[in-house]
Asks: 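Sharing a structure below in structure tokens format, with a few things to ask.
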Amino acid sequence: MKLSSYMPSSELIETYRSAGQGHVFDYFDQLSESDQQQLLSQAGEIDLEEMAALKRDLIDGDAAASVDLTDLEPAPYEARPENGGDEAAWTDAEKLGEQAIRDGRVAAFTVAGGQGTRLGFNGPKGTFLITPVRNASLFQVFAEKIAATGKRYDATIPWLIMTSHQNHEATESFFSANNYFGLSKSQVRFFRQGRMPAVDLAGKILLSSRSSIAMSPDGHGGSLRALDRSGALAQLEQEGIDTISYFQVDNPLVRCIDPAFIGWHLRGRSEMSSKMVPKAYAGEKVGHFCVQRDRAIVVEYSDLPAAVQEETDPATGELRFIAGSIAIHVLDRNFVKRLAWAGSEAALPFHLARKKIPAVDAQGNAVNPTEPNGIKFEMFVFDALPFAKNPIVIETRRENDFSPVKNAEGVDSPATCQVDLLRQYTRWANAEGASLTTDENGLPEFSYEVCPSFGYDEASFATSWAATSDSPPITAGAILT
Ligand code: UTP
């Protein structure tokens, strides 16, 4: 049950006391009236019964032990044609997807409500500058890909962007200051995701200041509820859009709208489809697509014992659980609505993460912890898979779809992502006969950039290349546009 912020303050405070969370109001009498109102309104947003259940199940109970690994099988997937997949079916899927885009049935959807703590960048992650020559931001790259796809198929593709309470205004201002990167204002739709209170390691709600509860976004799984609550789904319905192409804000290689993927989803009458990459090695830290008693699920690497991750298929010698999740999905609009309206029987579970959470100590002083001091609760979007009818997983090539910016340095960092972008441009260019010299890693001798307006995938690049009378010069610092 959610409490109401309209409840008389004494009653609300008493409910918190009875739930063992009365400390939230320890400083209440010392606050100004407006600060008191802020605290009461935040407190009214929280479902104390849900918090008690999370404490019981995830903190006091053993969360890891509750992950059910019985009857687990690797999920089947549609292999790429070069890996033995059905070439005619891929061609057919691509045509079907192209037609759906032309018919205006497809929207792009970016989840951008994360806190990006590992990157340590001050601002919405989508505003991070990533491309090698122009220094275009992640948001700009996606906007240009969506615009170019719309142009290619003569369609207007709405772009939904989920923000958080923390970064909503900054995200909107960034787009407005940049004139929506050439898209129309009505095409780009922002909405906030839900939030959850953080608790200490014993399950007590944390205060970020004497007048405010430490709230954090409720995970990318919160996107399904938020799509509905924000009215975004209803608007899509009015526009006749039934297919939502979901991707994360940190992955500029992604094909925001991939015709073949959309086609596989539609021809399979799937409610939720996913892309997989074959894992690079047994212990790679990705989720695993599995089937458990006829339901598709993703099992996180941390929940799958190493021995299972290392199992190989005796016939091929390949890893058995080879299908790694890269957080790219296609969602059916009615499926999202069904889940959002289903209530507890189809509610996505919360997962807990132990984190360093700035909070006030017992004396009411703000502290920046150096060790994890609290717990955040998040839902994950892939937990929707078991509820989906006809889920489909298709293979993609990692270099065509996935190079996330997660960390400030090292693996999955801006540096590795820029290298992957450059390698991708060079693959497209050399496939068209550009004859760029590359090293053993597929990297050219200099840096340059291909704008999405010139090419956002192999096919669109090939079209632009063929349309230029002389092959465009690719030299150090060149920008193909
Ligand atoms: P991550 O799991 O990488 O989390 O999000 P993060 O918050 O961005 O980064 P860290 O863990 O703090 O370093 C994967 C994707 O899901 C979105 C992110 O914006 C990113 O696109 N996300 C994550 C949300 O939209 N909301 C959330 O509550 C969490």
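In listed order, ligands and their atoms are each counted from 1.
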Asks: Do me a favour and list the nearest non-hydrogen protein atom to atom 26 (N) of ligand 1 with residue, atom name and distance?
Replies: Gln193 OE1, 2.7 Å
Asks: Is the closest side-chain donor-acceptor distance between Ser176 and Ser173 under 3.5 Å?
Replies: no
Asks: Taking N or O atoms only and a 3.5 Å limit, does Lys355 qualify as a polar contact for ligand 1?
Replies: no
Asks: Within the 3.5 Å criterion, strictly below it, is a donor on Ser413 or Asn407 matched to an acceptor on the partner's side chain?
Replies: no
Asks: Note the single closest protein heavy atom to atom 25 (O) of ligand 1, along with its residue, its atom name and the distance in Å.
Replies: Gly113 N, 2.8 Å
Asks: Could you tell me the residue and atom name of the protein heavy atom closest to atom 16 (O) of ligand 1, and the distance to it rounded to 0.1 Å?
Replies: His220 CD2, 3.4 Å
Asks: Just to confirm my output: which protein heavy-atom neighbour is closest to atom 28 (O) of ligand 1, and how far is it?
Replies: Gly219 N, 2.8 Å
Asks: If you count heavy atoms of other groups shown closer than 6.0 angstrom to CG of Asn441, is the number above 12?
Replies: yes
Asks: Between Arg134 and Thr131 (side chain of the first, backbone of the second, donor and acceptor by atom type, cut-off under 3.5 Å), is there such a pair?
Replies: no
Asks: Give me the residue, atom name and distance of the protein heavy atom closest to atom 7 (O) of ligand 1.
Replies: Gln115 N, 2.8 Å
Asks: What protein heavy atom sits nearest atom 22 (N) of ligand 1, and how far away is it?
Replies: Gly114 N, 3.5 Å
Asks: For atom 21 (O) of ligand 1, find the nearest protein heavy atom and state the residue, atom name and distance (0.1 Å precision).
Replies: Val111 O, 2.7 Å
Asks: Please confirm whether the backbone N or O of Gln140 pairs with a side-chain atom of Lys145, one donor and one acceptor, at under 3.5 Å?
Replies: no
Asks: For Glu239, does the CD atom have more than 12 heavy-atom neighbours from other residues, nucleotides or ligands under 6.0 Å away?
Replies: yes
Asks: Quick one: does Gln292's side chain have a donor or acceptor within less than 3.5 Å of a partner on Leu72's backbone?
Replies: no
Asks: How does Pro217 reach ligand 1, by side chain, by backbone, by both or by neither, if only non-hydrogen atoms under 4.0 Å count?
Replies: both
Asks: What distance separates Ile157 CD1 from Arg152 CZ, expressed to the nearest 0.5 Å?
Replies: 11.5 Å
Asks: Between Arg118 and ligand 1, is there a nitrogen or oxygen pair with a distance under 3.5 Å?
Replies: yes
Asks: Using the benzene-type ring in the case of Trp, are the ring centres of Phe181 and Phe174 under 6.0 Å apart?
Replies: yes
Asks: Closer than 4.0 Å to some heavy atom of Lys406 - which atoms of ligand 1 meet that?
Replies: 1 (P), 3 (O), 14 (C)
Asks: List ligand 1 atoms under 4.0 Å from Met162, heavy atoms only on the residue side.
Replies: 25 (O)
Asks: Any nitrogen or oxygen of Leu119, side chain or backbone, less than 3.5 Å from one on ligand 1?
Replies: no
Asks: What protein heavy atom is closest to atom 8 (O) of ligand 1, reported as residue, atom name and distance in Å?
Replies: Gly116 N, 3.7 Å
